[in-house]
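A short write-up of the structure that comes next.
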Amino acid sequence: VVDCKAKYPMVKLGEYIELNDKVNANEKFSLEDVKGISVAKCFIDTKADMDGVSLKSYKVIDPKGFCYVTVTSRNGERISLAYNNSKETYIASSSYISFNVKDENLLSPGYLYILLSRSEFDRLARFNSWGSARETFDWADMCRVDIPLPPIEVQKAIVNLYHCLEEAKKISSQAREQLKTLCPALVQRASKA
């Protein structure tokens, strides 16, 4: 991704994304579909008290859709943003901004997610947040973000590599957890031998 900045043209993100204003007006989606957004750049189960809340105005986030919270203050210098990489459709608060990639032949949603997950983007969003009591990074600010745009084949290769690295981290973490429980048993067995 770092090499992409040097090798490929920088473009305004706004040329490649569009607002998603779909709402749950017909109440097709229920409380089980409601998601919150974490600074860890993922959807989470909502922490809000949903008792008596109408879901009609909640935004619909289809697979490959993005959603973010405009308020950036008090988030540990990170912007709360998520990418729906599942096959499920979610709904989220109407106060969030939801958007989609216009043309996946030009910009891969997975590649965009990698760019938006980087600490550089968090710093950019915080620096470009405006307000006094509540600083926000609104839609116009998001559209002004410059991103490197390699050919779609390069974007897909970066996404595949990213998924391989994430899978390797997951396997490594699982192996460490298994070793924690296995090692004491092996040490105990060895001491009895």
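Below, each value reflects all heavy atoms present in this structure, side chains not excepted, and no hydrogens, waters or symmetry copies.
Using a 4.5 Å heavy-atom cutoff, the side chains of S98 and F66 are not in contact. In this structure, D45 and K35 have side chains that are in contact, with non-hydrogen atoms separated by less than 4.5 Å. Between L107 and I147, some side-chain heavy-atom pair lies under the 4.5 Å cut-off. The closest side-chain heavy-atom distance from M142 to L13 is below 4.5 Å. Taking 4.5 Å as the limit, some side-chain heavy atom of D146 sits within range of a side-chain heavy atom of K12. Looking at F127 and L124, their side chains never come closer than 4.5 Å, going by heavy atoms from C-beta outward. Counting heavy atoms from C-beta on, the side chains of Y68 and S80 never come closer than 4.5 Å. Taking the side chain as every heavy atom from C-beta outward, L55 and I91 approach each other to under 4.5 Å.
Residue Y96 holds its OH atom at 5.5 Å from CD1 of I37, rounded to the nearest 0.5 Å.
At least one donor-acceptor pair closer than 3.5 Å links the side chain of Y113 to the backbone N or O of K41. Not one N or O on the side chain of R78 forms a donor-acceptor pair closer than 3.5 Å with the backbone of D122. Judged by distance alone, the side chain of K5 and the main-chain N or O of P148 form no donor-acceptor pair under 3.5 Å. Between the S86 side chain and the P63 main chain, no donor and acceptor come within less than 3.5 Å of each other.
Counted within 6.0 Å of NZ on K28, heavy atoms from surrounding residues, nucleotides or ligands total 12 or fewer; the atom is thus considered open.
Note: the hydrophobic cluster containing Y83 does not contain V39 (ILVMFWY, side chain heavy atoms under 4.5 Å, direct or indirect links). Criterion: ILVMFWY side-chain heavy atoms under 4.5 Å apart, direct or through other members. Under it, L81 and W139 are part of a common hydrophobic cluster. Connection of L116 to V71 is not established within any shared hydrophobic cluster, with ILVMFWY side chains joined at heavy-atom distances below 4.5 Å, either directly or through further cluster members. When the side chains of ILVMFWY residues are joined at heavy-atom separations under 4.5 Å, either directly or via intervening members, V53 and L31 end up in a single hydrophobic cluster.
Counting only residues at least two apart or on different chains, the ring pair (Phe, Tyr, Trp, His ring centres under 6.0 Å) pairs with a member in residues 14-43 are F43-Y90.
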Just list the side-chain donor-acceptor pairs under 3.5 Å for residues 149-158, sequence neighbours left out, or say none.
from: Q155; atom 1: OE1; to: S108; atom 2: N; distance (Å): 2.7
from: Q155; atom 1: NE2; to: L106; atom 2: O; distance (Å): 3.0
from: Q155; atom 1: NE2; to: P150; atom 2: O; distance (Å): 2.8

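Under the 4.0 Å criterion applied to side-chain N and carboxylate O atoms, K102 and E15 are not assigned as salt-bridge partners.
For K22, the side-chain contact (heavy atoms from CB on, under 4.5 Å) criterion is met by N20, V60, D62, not counting sequence neighbours. By the side-chain contact (heavy atoms from CB on, under 4.5 Å) test, D3 pairs with K7, sequence neighbours left out. A search for side-chain contact (heavy atoms from CB on, under 4.5 Å) contacts involving D141 returns W130, F137, D138, R144, not counting sequence neighbours.
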Give the intermediate values and the outcome of side-chain hydrogen bond (donor to acceptor under 3.5 Å, both in side chains) for residues T70 and T136. CA-CA 5 Å; T70 59; T136 62; 5.4 Å; no
From CA spacing to verdict: side-chain contact (heavy atoms from CB on, under 4.5 Å), N24, K56: CA-CA 5 Å; N24 190 31; K56 286 184 177 186; 5.9 Å; no
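Side-chain heavy-atom separations under 4.5 angstrom define the hydrophobic clusters, and V23 shares its cluster with no other residue.
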